[in-house]
Structure formats: C-alpha cells, structure tokens
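Working notes, beginning with the structure itself.
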Amino acid sequence: VLEQQSESVQTFLLRTSILERLSGPLCEAVVGIPPGSGQLTLEALEHANLFIVPLDNERHWYRYHHLFGDLLRQRLGQPQELSEYHLRASKWYEENEDLAEAFHHALEANDFERAARLAEAAWQGMERNFQTLAWLGWVKKLPDAAICSRPWLCVEVGWAYSDVGELEPSETYLQNAERALAGK
C-alpha cells in the first residue's frame with residue numbers, strides 16, 4: 001500500500017508517523033509543506049481508506065491505524081532528520097499550548113535544554129491542578145545535568161518531591177538550586 005503512493009504522500013506518511021495524533025497544521029509543521037496542504041492530504045488519505053481514523057466529527061484530528069503506524073515508523077527508521085521532525089512537532093505543540101506533547105517531542109529530539117525549559121514552564125499549572133506526580137514523571141526522564149543547570153527547575157523539582165512526601169530528593173534538589181545560584 002505504501003509503495004503504491006506518490007513520493008510526496010510516502011514522505012508525508014513516513015514523517016508524520018512520529019505523531020500519535022495528526023492535524024493538518026501539525027503535519028504541515030513536521031513535513032515542511034505549505035499551509036492548507038496538510039488537511040487536504042489527511043482528507044485524501046481518509047477517502048482512499050489508507051488506515052487513517054478520524055478522532056473527531058469535524059475531521060480536525062486523526063490517527064493512523066495502530067498496525068499501519070507501526071509499519072510506517074519501522075519504514076522510517078532512524079534517519080538523520082528524525083530529531084528535526086520531533087523538534088518541529090515540539091515547537092508546534094508549544095505554540096499551541098500543549099506542553100505535554102511539546103515536552104515529549106523535545107525528549108525524542110534529544111533536546112534536553114528545550115525539554116527542561118518546557119517542564120519548568122509547565123510546573124505551576126500542573127502543580128495547581130494536582131498533577132505533581134505526572135510532572136515528576138516528565139522530569140525524571142531528563143538527565144540530571146539538564147535539571148541542575150536551571151536553578152528554578154531545581155526548586156520546582158524539590159517542591160514536587162516535597163509535595164509527594166519524598167524529603168531526601170527534595171532536599172538534594174533544593175541544595176542543587178542553591179549551588180547553581182551561588183555559581184552565578
């Protein structure tokens with residue numbers, strides 16, 4: 001099925017296979033195609049019954065059938081540009097205020113500085129909404145160097161550990177924040 005598609009459709013399918021959910025503008029950002037063409041491509045894929053499933057009645061969001069998505073990711077492999085696709089997705093999600101997806105794609109791009117900045121930005125809202133454990137789950141995926149280079153992030157991590165009753169790591173991160181501030 002994949003090989004029967006035009007080269008541009010194959011490129012679209014492969015590059016967007018890194019996404020759990022697809023929208024026209026998001027696909028345009030990841031693939032690097034003109035505005036409006038992402039939605040048209042998604043609609044054409046749906047009409048051609050190419051293993052794409054609409055996620056809403058307005059047809060703004062789609063996903064690939066799980067097996068087809070797995071096949072596409074396998075075919076995509078690990079091209080040099082893979083990090084760039086994830087970085088484009090991260091930027092799009094950040095611009096559209098979905099910090100969880102922005103963080104996920106920043107990690108996939110191995111852009112730990114960006115991921116740390118996004119975690120720092122997300123802390124207050126997630127803590128306010130009682131999502132401290134989820135936020136800690138994000139931060140635990142970061143290398144310590146990415147956390148410790150950001151004093152405010154260290155404070156947030158210390159605070160989060162304190163919120164969940166883990167006082168030893170809380171103290172460690174608060175001390176890291178003090179050291180980082182003293183070093184400046």
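Just so it is clear, the model here is predicted, and its values are computed rather than measured.
For the pair Arg150 and Glu113, the salt-bridge criterion is met [side-chain N within less than 4.0 Å of a carboxylate O]. Arg21 has a carboxylate O that lies under 4.0 Å from a charged side-chain N of Asp98, or vice versa, which qualifies the two as a salt bridge. A salt bridge links Arg59 with Glu46; the closest basic N to acidic carboxylate O contact falls under 4.0 Å. Taking 4.0 Å as the cut-off between side-chain N and carboxylate O, Glu81 and Arg88 do not count as a salt-bridged pair.
Using a 4.5 Å cut-off on side-chain heavy atoms (C-beta onward), Leu72 and Tyr64 make contact. Between Val9 and Leu45, the closest side-chain pair of non-hydrogen atoms falls below 4.5 Å. Ile52 has its side chain out of reach of His65: every pair of non-hydrogen atoms, C-beta onward, lies at least 4.5 Å apart. Leu136 places none of its side-chain heavy atoms less than 4.5 Å from the side chain of Asp163. Looking at Leu87 and Lys91, their side chains come closer than 4.5 Å, going by heavy atoms from C-beta outward. Counting heavy atoms from C-beta outward, Cys27 and Thr41 have side chains that stay 4.5 Å or more apart. At a threshold of 4.5 Å between non-hydrogen side-chain atoms, the residues Leu153 and Trp123 do not count as touching. At least one side-chain heavy atom of Asn110 sits less than 4.5 Å from a side-chain heavy atom of Phe112.
Although no hydrogens or angles enter the test, the distance criterion places a donor-acceptor pair under 3.5 Å between the side chain of Thr16 and the main chain of Phe12. Under a 3.5 Å cut-off, the side chain of Thr11 and the backbone N or O of Glu7 do form a donor-acceptor pair. A donor-acceptor pair under 3.5 Å is formed between the side chain of Arg73 and the backbone N or O of Ser17. In terms of modelled atom types and a separation under 3.5 Å, the side chain of Gln10 and the main chain of Gln5 share a donor-acceptor contact. The closest donor-acceptor contact from the side chain of Glu28 to the backbone of Gly36 lies under 3.5 Å.
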Glu94 vs Arg117, salt bridge (charged side-chain N to carboxylate O under 4.0 Å, His left out): CA-CA, chis, key distance, verdict: CA-CA 11 Å; Glu94 182 181 15; Arg117 182 182 57 73; 2.7 Å; yes
Candidate pair His104 and Lys141, rule side-chain contact (heavy atoms from CB on, under 4.5 Å), full reasoning: CA-CA 10 Å; His104 166 75; Lys141 295 175 184 175; 5.9 Å; no
Test side-chain contact (heavy atoms from CB on, under 4.5 Å) applied to Leu174 and Cys154, step by step: CA-CA 6 Å; Leu174 293 173; Cys154 285; over 6 Å; no
side-chain contact (heavy atoms from CB on, under 4.5 Å) between Asn176 and Val157, worked out: CA-CA 10 Å; Asn176 287 341; Val157 173; over 6 Å; no
Glu127/Gln131 under side chain to side chain donor-acceptor pair (under 3.5 Å): CA gap, chis, key distance, verdict: CA-CA 5 Å; Glu127 196 268 340; Gln131 296 177 324; over 6 Å; no
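Using a 30° and 60° split on the angle between ring planes, Tyr93 and His105 fall in the parallel class, below 30°. The aromatic rings of Trp138 and Phe103 lie parallel to each other, with less than 30° between the two planes, well short of the 60° mark.
By the 6.0 Å contact criterion, CH2 on Trp159 is open, its count of non-hydrogen atoms from other residues, nucleotides or ligands being 12 or less. Within a 6.0 Å radius of CD in Glu84, more than 12 heavy atoms belonging to other residues, nucleotides or ligands are found. The 12-atom threshold is exceeded at CD of Glu58, counting heavy atoms of other residues, nucleotides or ligands nearer than 6.0 Å.
Rounded to the nearest 0.5 angstrom, His86 NE2 and Leu19 CG are separated by 8.0 Å. The distance from atom OG1 of Thr132 to atom CD of Glu156, rounded to the nearest 0.5 Å, is 11.0 Å. Distance check, rounded to the nearest 0.5 Å: CD of Glu95 to CD of Glu97 gives 10.5 Å. Interatomic distance, Leu71 CG to His66 NE2, rounded to the nearest 0.5 Å: 14.5 Å. Taken from CZ in Arg15 to CD1 in Ile33, the straight-line distance is 9.5 Å, to the nearest 0.5 Å. For the atom pair Leu76 CG and Gln74 CD, the distance stands at 11.0 Å (nearest 0.5 Å).
The same ILVMFWY cluster, assembled from side-chain heavy atoms under 4.5 Å apart, contains both Phe51 and Ile18. In terms of hydrophobic clustering, with Ile, Leu, Val, Met, Phe, Trp and Tyr side chains grouped at heavy-atom distances under 4.5 Å, Ile147 and Val164 are assigned to a common cluster. Hydrophobic cluster membership differs between Leu133 and Leu167, with clusters built from Ile, Leu, Val, Met, Phe, Trp and Tyr side chains linked at under 4.5 angstrom. In the hydrophobic clustering of this structure, Trp92 does not group with Leu40; members are Ile, Leu, Val, Met, Phe, Trp, Tyr whose side-chain heavy atoms approach within less than 4.5 Å, directly or through other members. A single hydrophobic cluster is not seen to contain both Trp61 and Leu99; linkage of ILVMFWY side chains at heavy-atom distances under 4.5 Å, directly or through other members, places them apart.
Heavy-atom minimum distance, Pro54 versus Tyr62: CA-CD2, 3.6 Å. Minimum heavy-atom separation, Pro151 to Ala180: CG-CB, 3.7 Å. When all heavy atoms of Leu42 and Ser23 are compared, the pair lying nearest together is CD1-C, 3.5 Å. Minimum interatomic distance between Ser83 and Ala109 (heavy atoms only, all atoms of both residues): O-CB, 3.4 Å. Taking all atoms of both residues into account, the shortest heavy-atom contact from Ala146 to Ala116 is O-CB, 3.9 Å.
A donor atom on one side chain and an acceptor atom on the other are found under 3.5 Å apart for Glu171 and Gln175.
A side-chain contact (heavy atoms from CB on, under 4.5 Å) with Tyr173 is found for exactly one of Val155, Val139, Asp144, namely Asp144.
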